[in-house]
2 protein chains.
Amino acid sequence: MLRVFSALANPHRLRIVATLSANGRNYISQLAREVGISRPLLHLHLQKLEEAGLVTSKLELSDDGKALNYFEVTDFKIVVSPRMIETAVQTLTADSKKQGD
Amino acid sequence: MLRVFSALANPHRLRIVATLSANGRNYISQLAREVGISRPLLHLHLQKLEEAGLVTSKLELSDDGKALNYFEVTDFKIVVSPRMIETAVQTLTADSKKQGD
DNA sequence: TTCATGTGTAATATTTTTCTTACACATGAA
DNA sequence: TTCATGTGTAAGAAAAATATTACACATGAA
């Protein structure tokens, strides 16, 4: 939960999710051009989104032999409310860092 | 929106919301003791939660004359989905920092 | 007056996140 | 082979978030 909120607490990552949702699945290099950020940076953001379970990736071979890593958004639907947070907090560890979705 | 996600992207703040939701309104010093963090730090976190609209504060005079700043959670209910994020992203400014709820 | 309680905030670490730059490796086409 | 395209990641700089410490101020009770 904390991991999900952290993933969404960044303008680039919100745009990435929005773009993937609007335009459908895409591979890193192409998506980087569309979103307007560098590939290594996008790679980092996609990693966080994937760890949060908001996107998934699948490595595919293109016709001309390139290995393309395709990303797409998952069908998440999270209702955030005080009660929901009460429940979610119980899953936080003592050192309260990131952890199991 | 970004502001809300950022506010929730922290274990202390999640606990603060959960505590206020479970135990009802409370003033800073008392809440600091319950949550187990310093008062200045709690003050900072409450500020972020209030800017995000997740809690509200009200200054009150106690019977013995002390000025107590009471906080309570708002009745927020936010449904987070890819489509919702598509919409929310449109409200991001070019320099994409925090901004109007 | 002094103590215990409450309020707020400024200045300074400290820690995390974010971002850039550079490297290494692979494939098909020219 | 060289070029254009794709992949990944490591190292360090830069920026932002987090946390501590210390200060200032107020009130009622002892």
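Chain A is the first sequence line, chain B the second, and so forth, proteins listed ahead of strands; every chain is numbered from 1.
Scanning for side-chain hydrogen bond (donor to acceptor under 3.5 Å, both in side chains) contacts around A/Arg39 gives an empty result, with sequence neighbours left out. Listed by chain and number, the residues in a ring-ring contact (aromatic ring centres under 6.0 Å, His included) with B/His43 amount to none (sequence neighbours excluded). Under the rule for a side-chain hydrogen bond (donor to acceptor under 3.5 Å, both in side chains), B/Gln47 has no partner lying at least two apart in sequence or in another chain. Annotation: side chain to side chain contact (heavy atoms under 4.5 Å, CB included) contacts of B/Leu44 (sequence neighbours excluded): B/Leu41. With sequence neighbours excluded, the residues satisfying side chain to side chain contact (heavy atoms under 4.5 Å, CB included) with A/Asp64 are A/Ser62, A/Lys66.
In this model, the phosphate group of C/dT17 is not approached by any side-chain N or O of A/His45 to a distance below 4.0 Å at OP1 or OP2. Phosphate proximity of C/dT18 to A/Asn10: present, with a side-chain N or O under 4.0 Å from OP1 or OP2.
One atom, CD of A/Glu60, and another, C1' of C/dT27, lie 17 Å apart when rounded to the nearest Å. Taking atom CD of B/Glu51 as the reference point, atom C1' of D/dA17 lies 13 Å away to the nearest angstrom. Atom NZ of A/Lys48 is separated from atom P of C/dT17 by 5 Å (rounded to the nearest Å). For the pair B/Asp63 CG and D/dA29 P, the interatomic distance rounds to 11 Å; values are reported in whole Å. Whole-Å rounding puts the A/Leu41 CG to C/dC19 P distance at 5 Å.
Evaluation of the ring pair (Phe, Tyr, Trp, His ring centres under 6.0 Å) test over residues 58-90 of chain B, restricted to residues two or more places apart or in two chains, returns B/Tyr27-B/Tyr70. The salt bridge (charged side-chain N to carboxylate O under 4.0 Å, His left out) pairs that include a residue from residues 16-34 of chain A are A/Arg25-A/Glu60, where partners are two or more places apart or lie in different chains. Residue pairs that meet the salt bridge (charged side-chain N to carboxylate O under 4.0 Å, His left out) test with at least one member in residues 69-87 of chain B, sequence neighbours left out, are B/Arg83-B/Glu86.
Annotated stems with DNA chain D as a participant read C:1-30 with D:1-30, given as range with range, by first number; only runs of 3 or more Watson-Crick or G-U pairs under 3.5 Å qualify.
Listed for the B/Ser21 side chain is no donor-acceptor partner under 3.5 Å among the backbone atoms of B/Val17.
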Nucleotides 1-3 of chain D: which of its N/O atoms have a protein N/O under 3.5 Å away?
none

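Here the side chains of B/Ile78 and B/Met84 are in contact, with some heavy-atom distance below 4.5 Å.
Each of A/Leu44 and A/Gly65 was assigned the nucleotide of DNA chain C with the nearest heavy atom; the assignment lying further toward the 5' end belongs to A/Leu44.
Side-chain heavy-atom separations under 4.5 angstrom define the hydrophobic clusters, and B/Leu59 shares its cluster with no other residue.
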- line: Per-nucleotide protein contact along nucleotides 5-11 of chain D, 5' to 3', at a 4.0 Å heavy-atom cut-off (B base, S sugar-phosphate only, - neither), is BSBBB--
